[in-house]
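In what follows, a structure is listed as structure tokens, so that the remarks can point back to it.
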Amino acid sequence: MKTIDIVVPCYNEEEVLPLFVKETNEVIDTIPDYSFRYIFVDDGSKDKTLQVLKTLASRFPNVKYISFSRNFGKESAMYAGLKNCDADYVIVMDADLQHPPKMFPKMIEGIEEGNDCCALYRAKQTGESKIRQFVSKIFFSFQNNISDVKMPEGAVDYRIMSRKMVNAIMELSEVQRFSKGIFCWVGFKTKWVEYENVERTVGTTKWNLWGLFKYALDGITAFSVTPLRVIAVMGFVISLLAFIYIIVTLIQTLCFGIDVPGYVTTLCATLFMGGIVELSIGILGEYVGRIYMETKHRPIYIAQETNLDEENDLI
Ligand code: UDP
Ligand code: MG
């Protein structure tokens with residue numbers, strides 16, 4: 001019998017977890033040909049998530065958990081889950097039931113067709129704020145246009161992957177992880193399946209607009225150096241224009257003398273150039289910051305408790 005591990009990052013999900021396991025178990029019961037195991041990753045929750053997980057683990061032997069020493073973020077939680085799983089297939093999904101378990105049969109069918117991955121994307125972002133939809137749209141078009149990873153608009157972190165693919169993902173050891181990109185970057189045959197977006201009914205989203213913006217920026221800088229090229233090209237174009245302007249001004253001055261003091265021109269040029277320089281340093285800084293964080297080689301997460309077998313090393 002093939003085994004499937006379900007990796008679920010959880011941050012303050014005490015309310016939804018019992019419901020999540022109940023609903024997922026109902027789906028699992030309809031798929032008797034596979035043996036399922038949950039790997040919940042408690043990402044330093046401030047509520048009773050860990051206690052709830054322990055209660056669930058005592059009721060269901062296939063419920064495993066890893067608990068972090070603090071909140072490391074969803075990316076780290078997903079990494080910890082993937083690192084500690086050993087099944088033939090691995091499903092990654094959210095705890096909040098926004099990734100409906102009823103898609104399992106379709107996903108398994110997708111991977112059994114000879115693919116290494118069956119991933120989901122949502123066609124419509126119903127139930128999400130207009131601003132969030134807008135940020136998401138910009139992100140996907142940016143990401144697909146300037147980096148080497150391509151993904152359909154609305155791609156989410158809900159997917160099933162083969163062991164081969166999970167092993168490849170583990171080879172990427174970067175600390176600042178952007179899984180959406182990593183999943184695409186490793187390649188392998190992926191089947192994309194559309195699903196209907198579900199609104200979160202229990203608990204609240206952990207994202208705010210600033211968080212989403214940072215996430216989008218991480219995604220872009222992690223998989224592309226195009227912004228650096230853009231500033232180089234911008235510098236070249238501005239220098240060229242400045243050179244032409246200097247020649248014109250020189251000729252004008254030599255032929256006709258100095259007419260006006262040029263106060264506005266000087267002011268505009270200074271402010272404009274100031275802005276461009278700041279922007280360029282900012283973009284450069286983003287990359288330098290990333291290099292700085294990577295060179296520290298800090299662990300991606302620190303676990304403090306687990307009910308996984310002892311032989312599974314934790315980090
Ligand atoms: N999550 C996490 N660590 C965090 C934030 C979120 O493990 O720091 C988990 C969360 O418990 C959920 C998933 O990541 O299972 C997605 O989070 P959320 O539903 O808040 O995001 P959204 O669906 O709004 O994108
Ligand atoms: Mg959610």
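Both counts, for ligands and for their atoms, begin at 1 and track the order of listing. In this text, all values refer to a predicted model and were calculated from it rather than measured experimentally.
The pair Lys191-Glu113 counts as a salt bridge, with a side-chain nitrogen and a carboxylate oxygen less than 4.0 angstrom apart. With salt bridges taken as basic N to acidic carboxylate O contacts below 4.0 Å, none links Arg159 and Asp116. Salt bridge present: Glu305 and Lys54 bring a charged side-chain N and a carboxylate O closer than 4.0 Å.
Inclusion of Asp96 in the first shell of the Mg ion (ligand 2) is supported: an N, O or S atom falls under 2.8 Å.
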Could you go through Arg290 and Asp218, starting from their C-alpha distance and side-chain angles, then the distance that decides it, and tell me whether this counts as salt bridge (Lys or Arg N to Asp or Glu O under 4.0 Å)? CA-CA 9 Å; Arg290 292 188 69 85; Asp218 272 351; 3.2 Å; yes
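Applying the 6.0 Å contact sphere to NZ of Lys150 captures more than 12 heavy atoms from other residues, nucleotides or ligands.
Asn167 pairs in a side-chain hydrogen bond (donor to acceptor under 3.5 Å, both in side chains) with only one of the listed residues (Arg163, Lys164, Glu171), which is Arg163.
Each of Pro9, Cys10, Tyr11, Glu13, Asp43, Asn71, Gly73, Lys74, Asp94, Ala95, Asp96, Gln98, Arg132, Arg200, Thr205, Lys206, Trp207 has a non-hydrogen atom positioned under 4.0 Å from some atom of ligand 1.
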